[in-house]
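Sequence lines set the chain letters: A, B, ... in the order given, protein chains first and strands last, and positions in each chain run from 1.
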Amino acid sequence: MTTRQLDKTYDPKAVEDRWSGEWINRGYFRADEKNHPGQPYCIVIPPPNVTGSLHVGHALNHSLQDILIRWRRMQGRNTLWLPGTDHAGIATQNVVEKQLMAEGLSRESLGRERFVERVWQWKATSGNTIVNQQKQLGESCDWDRLRFTMDEGLSKAVIEVFVRLYEDGLIYRGERLINWCPRCLTALSDIEVEHEEVKGKLYHLRYPLADDPNTGLIVATTRPETMLGDTAVAVHPDDPRYRHLIGKNVRLPLTTREIPIVGDRILVDLEFGTGAVKITPAHDFNDYEAGERHGLSRLAVLDHAALLDAAGMQQAGVESSVVEMLRGLPVSKARPKVDTLLREQGILEKTEDHKMAVGKCYRCKTVVEPYLSPQWFVKIQPLADPAMKAVEEGRIRIIPEGWVNNYLGWMRDIKDWCISRQIWWGHQIPAWYCLACNSRQIVTTDGRTTILQGAVPIISRLTPSGCPTCHGQQLLRDPDVLDTWFSSALWPFTTLGWPDQTPELKTYYPTATLVTGLDILFFWVARMIMMGLKFMGEVPFKDVYIHALVRDAEGQKMSKSKGNVIDPLHVMDQFGTDALRFTLASMASPGRDIKLAEERIEGYRNFANKIWNAARFALMYLDGPRTALPLAQRTLPDRWILSRLVHTIRTVTVELESYRFDRAATALYQFIWHEYCDWYLELIKPVLQTPEHPDGASTRHTLVETLETTMRLLHPFMPFISEEIWQTIPHQGDSIVVQNYPDVDQAWAAPDAEQLFALLEQTVGLVRTSRVLLNYSPGQQIPFHVGHDDLDRQSQLHQLQRHLAHLSRGTADVSPPQDWPAARLLRLVTEGLSVGIAVADDVDLKKAIERLAKQITETDKELQRVDGKLKNAEFVSKAPPDVIAEHQERVRTLSRDRALLDNSEQQLRTMLRS
RNA sequence: GGGCGAUUAGCUCAGUGGUAGAGCGCUUCCUUCACACGGAAGAGGCCACAGGUUCGAUACCUGUAUCGCCCA
């Protein structure tokens with residue numbers, strides 16, 4: 001066998017480039033839905049926006065999934081990690097529109113067909129960016145199954161779902177107040193609005209009574225300009241200030257209208273403002289509902305661009321001079337004008353500062369307007385109920401559990417889902433209208449065609465050939481497209497071939513785990529559950545693992561505008577992909593956001609280098625025969641490291657099963673660095689470096705055995721370096737990717753070896769401390785004494801003599817402390833263990849004495865504390881016997897230590913004086 | 001306004017009803033033939049505050065403060 005010489009420093013770049021491509025070429029990630037004997041384990045990736053490039057949030061999300069998938073694959077499960085991208089309707093349309101703008105074009109100038117073509121073109125050139133980046137990260141997706149939410153199969157499925165929901169009466173069209181983005185010019189669903197607190201003013205307006213203009217009612221509002229569309233004033237029916245006014249009318253200032261005063265205990269908060277509020281059903285959600293309760297008409301005074309609308313104002317009886325003054329103005333300009341008008345007319349009583357929430361478009365951050373328009377909705381309650389039940393009954397587990405209430409709470413109050421968007425990029429709604437039958441409902445003004453409420457749609461999977469009612473041939477397709485989240489809600493089954501009953505669907509649905517961030521729990525997760533239950537009759541996944549958000553080192557949300565974005569590709573370039581992956585995994589503690597700092601990644605880069613050098617070390621000493629001796633015949637270091645390894649295997653496996661990536665990563669780090677490298681490799685050096693050593697063959701075997709196993713254990717976390725090392729050391733098989741994950745082999749556990757080792761570690765620690773106290777240089781060989789109060793331990797020290805001498809660099813005399821020379825000896829004592837080192841003539845003893853004094857103080861403190869507890873009658877009578885025994889034992893040990901330390905200190909002081 | 005979470009070493013974070021832990025940073029020593037992206041030894045903490053439960057609380061309960069997130 002030829003061993004390759006490894007470089008002194010690990011260079012991730014070359015290794016990663018080679019393996020990321022090679023794994024794919026060899027088809028290791030390809031799923032087999034038909035012949036694989038293993039239990040299926042499927043994860044569908046949260047499809048990144050096709051516009052996107054990999055950011056650190058993806059890196060976290062994908063790293064965790066890849067860990068799970070690689071781990072399960074190695075465990076022999078029939079794994080499928082299904083990749084894909086999302087067409088991201090509004091976001092993508094915005095990107096392409098921006099491009100057009102730069103060319104002096106607009107989507108309107110192109111027309112719908114050419115615009116959509118243009119987006120496809122853009123997708124063809126830029127859409128693969130993120131996929132290529134994912135491959136670079138080593139993501140073990142089955143890339144042959146890459147799906148896109150607008151590819152042919154998925155589009156067909158989307159239409160199918162729409163038609164079926166419509167036929168089931170779960171989709172309807174109606175005029176409702178919806179969230180409207182005046183910049184994107186489209187409706188948004190409730191959750192696509194981000195609420196932000198801003199400073200505003202509360203305006204107190206006096207509305208005079210119609211039959212007694214000298215008295216009036218003062219209403220409080222944050223949006224004075226909408227008063228033009230008021231259709232009532234509400235007071236609380238129990239409010240003694242106003243209840244006698246209910247049923248009377250007020251004169252609405254700036255208009256020719258009179259509006260009624262109504263009593264409403266939902267809308268009106270007795271404590272807030274003046275206790276009287278205006279009702280503007282066309283421009284406020286709460287007012288809209290109040291309007292429904294009281295049968296009020298809705299008067300819209302803003303148009304689709306959120307500009308004051310002349311026609312609307314006229315219809316609302318606004319005085320013509322006011323109409324002229326305000327027409328076409330945006331709210332920001334209209335408000336000061338209205339303010340002035342109201343002041344002049346003595347209507348504005350006062351204003352006061354007021355904090356209020358404004359809604360912003362989650363795509364473009366423009367302030368959204370409640371807007372009255374006909375839209376398509378999903379009737380959600382019938383879908384939400386089973387989705388709640390699935391979680392309540394534990395058919396879906398949400399991890400961490402804390403989010404369950406969040407989910408259930410949202411589902412309980414869920415509102416019908418507005419699914420139509422007035423954009424062009426997306427799945428066009430499969431609804432057609434007969435122009436003949438709907439001549440009054442279809443109006444075109446200024447080139448904008450509006451399909452009014454009441455139009456009768458023809459819902460069809462294919463383009464209908466004619467009107468089924470009048471057989472008319474002139475049909476207009478509904479111009480709206482579906483909410484992007486409509487198609488992603490179907491992702492777990494449409495990507496597997498639904499509505500066809502494919503083998504994939506049969507094998508992999510329901511999927512095993514969904515890994516996602518909290519931010520899309522409602523957007524995506526909840527809706528997948530609803531749709532999965534509706535169309536598959538089964539939950540789409542069994543576990544939902546919700547991970548944290550990645551923030552910058554200061555805890556700020558990363559954003560391009562703040563300039564605090566950590567680019568994962570840059571980091572991968574600088575420190576290696578494995579280092580980034582390991583960092584993210586080790587920081588993925590539940591319920592806490594990740595503050596990512598580069599130093600942390602650098603630390604794990606160092607870890608990778610450490611692993612690399614451990615492998616280098618192994619390779620350097622691997623020449624010669626290797627023999628697998630029975631475990632009982634192996635050396636202490638070998639039995640100890642195997643015992644620690646099996647312990648680590650158990651920990652990593654258990655932690656992965658409970659999605660504790662952080663703990664699994666910590667266990668690996670601790671084992672590899674501080675057990676394998678710090679102790680094991682040091683311990684076996686004398687054997688490896690002695691030619692023809694009797695333990696050589698067995699030690700070399702264990703060295704390879706443990707290193708090879710450790711690489712397999714590490715592989716899901718650090719796929720590249722583990723593969724590279726695995727390939728270099730003796731192994732069987734083509735790639736670590738397809739090897740078995742290490743199993744817990746209980747035979748490796750060796751409690752006796754661990755116990756011995758603990759004594760070794762403790763003793764070596766004391767010797768090393770002594771050396772530093774006495775300023776012996778690290779290389780200097782020194783004689784030292786070791787002894788123990790406990791006879792068993794004393795004899796164990798004899799067994800350890802060789803290792804002690806090696807690790808402490810000196811010659812070890814194991815004998816009872818009372819036999820040691822009394823003079824010129826520094827003695828350190830811990831828990832019955834004594835170490836004595838000769839003091840050279842020229843040594844400064846101050847440091848050693850200080851250290852002894854300090855330890856004596858600490859021992860005293862501890863002694864008092866423990867003794868105090870034992871003197872407490874209640875403790876002795878109530879604490880469990882084993883705890884009491886333990887305390888008593890500690891008092892004994894501490895007292896002995898204390899006496900010996902005292903003695904040692906006095907000796908040193910004597911020396912100092914002489 | 002409602003709900004959830006956090007508060008532990010200088011920083012970032014684990015953790016447990018009975019000796020307080022890690023990484024980074026810091027101090028001192030060391031280029032020893034795996035690794036200076038390294039080794040060894042150290043310093044550093046009233047576990048936010050106040051009550052309660054308990055023989056015993058950093059941990060369990062209640063309240064307070066501060067910060068963060070979600071929802072309205």
Just N and O in the side chain of [X]: are any of them under 4.0 Å from OP1 or OP2 of [N]?
| X | N | result |
| --- | --- | --- |
| A:N606 | B:C35 | no |
| A:Q781 | B:U32 | no |
| A:T769 | B:G42 | yes |
| A:H195 | B:C71 | no |
| A:Y621 | B:A34 | yes |
| A:K8 | B:G38 | no |
| A:W612 | B:G38 | no |
| A:R851 | B:A41 | no |
| A:H887 | B:U19 | no |

Could you measure between the two [atom1] atoms, the one in [N] and the one in [M], and give it in whole Å?
| N | M | atom1 | answer |
| --- | --- | --- | --- |
| B:A65 | B:C55 | C1' | 32 Å |
| B:C29 | B:A43 | C1' | 15 Å |
| B:G2 | B:C13 | P | 28 Å |
| B:A41 | B:U64 | P | 48 Å |
| B:G45 | B:G39 | C1' | 27 Å |
| B:A14 | B:A50 | C1' | 27 Å |
| B:U58 | B:G21 | P | 15 Å |

In whole angstroms, how far is the [atom2] atom of [N] from the [atom1] atom of [X]?
| X | N | atom1 | atom2 | answer |
| --- | --- | --- | --- | --- |
| A:R809 | B:G39 | CZ | P | 14 Å |
| A:I672 | B:A22 | CD1 | C1' | 16 Å |
| A:N609 | B:C35 | CG | P | 10 Å |
| A:L703 | B:A34 | CG | C1' | 11 Å |
| A:K878 | B:C55 | NZ | P | 4 Å |
| A:L518 | B:C70 | CG | P | 8 Å |
| A:L683 | B:A34 | CG | P | 15 Å |
| A:L894 | B:G18 | CG | C1' | 15 Å |

Under 4.0 Å between any heavy atoms, over every strand shown, what does [X] touch: base, sugar-phosphate, or nothing? Just pick one.
| X | result |
| --- | --- |
| A:F607 | nothing |
| A:K871 | nothing |
| A:R660 | sugar-phosphate |
| A:T9 | base |
| A:R771 | nothing |
| A:R768 | sugar-phosphate |
| A:Y10 | nothing |
| A:Q670 | nothing |
| A:N405 | nothing |

**Study point:** hbond_proxy A:R616 side chain to B:C35 base (donor-acceptor, 3.5 Å cutoff)
**Key:**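 Flag unset: no donor-acceptor pair detected.
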Check your understanding: Ignoring hydrogens and angles, does a donor from either the side chain of A:E682 or the base of B:A34 sit under 3.5 Å from an acceptor on the other?
Key ->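 When only heavy-atom distances are counted, A:E682 does reach the base of B:A34 through a donor-acceptor pair under 3.5 Å.
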Exercise for review: Give the ring-plane orientation class for A:F757 versus A:W679, where under 30° counts as parallel, over 60° as perpendicular and anything between as tilted.
Suggested key: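 Rings of A:F757 and A:W679: perpendicular, as their planes differ by over 60°.
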Within the supplied structure, the quantity of interest is the number of heavy atoms (other residues, nucleotides, ligands) at a distance under 6.0 Å from [X] [atom1]; does it exceed 12?
| X | atom1 | value |
| --- | --- | --- |
| A:H701 | NE2 | yes |
| A:E401 | CD | no |
| A:E352 | CD | yes |

Practice item. Show your reasoning for whether salt bridge (Lys or Arg N to Asp or Glu O under 4.0 Å) applies to A:E675 and A:R644. Key: CA-CA 8 Å; A:E675 296 184 324; A:R644 295 312 300 159; 3.0 Å; yes
Practice item. Kindly determine whether A:F875 and A:H887 satisfy ring pair (Phe, Tyr, Trp, His ring centres under 6.0 Å), including the steps that lead there. Key: CA-CA 11 Å; A:F875 174 73; A:H887 277 65; 5.1 Å; yes
Point to revise | Distance flag, aromatic centroids of A:F575 and A:Y604, threshold under 6.0 Å | key: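 No - the distance between ring centres of A:Y604 and A:F575 does not fall below the 6.0 Å cut-off.
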Exercise for review: Kindly say whether the aromatic ring centers of A:F717 and A:F661 come within a distance under 6.0 Å.
Suggested key: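 No.
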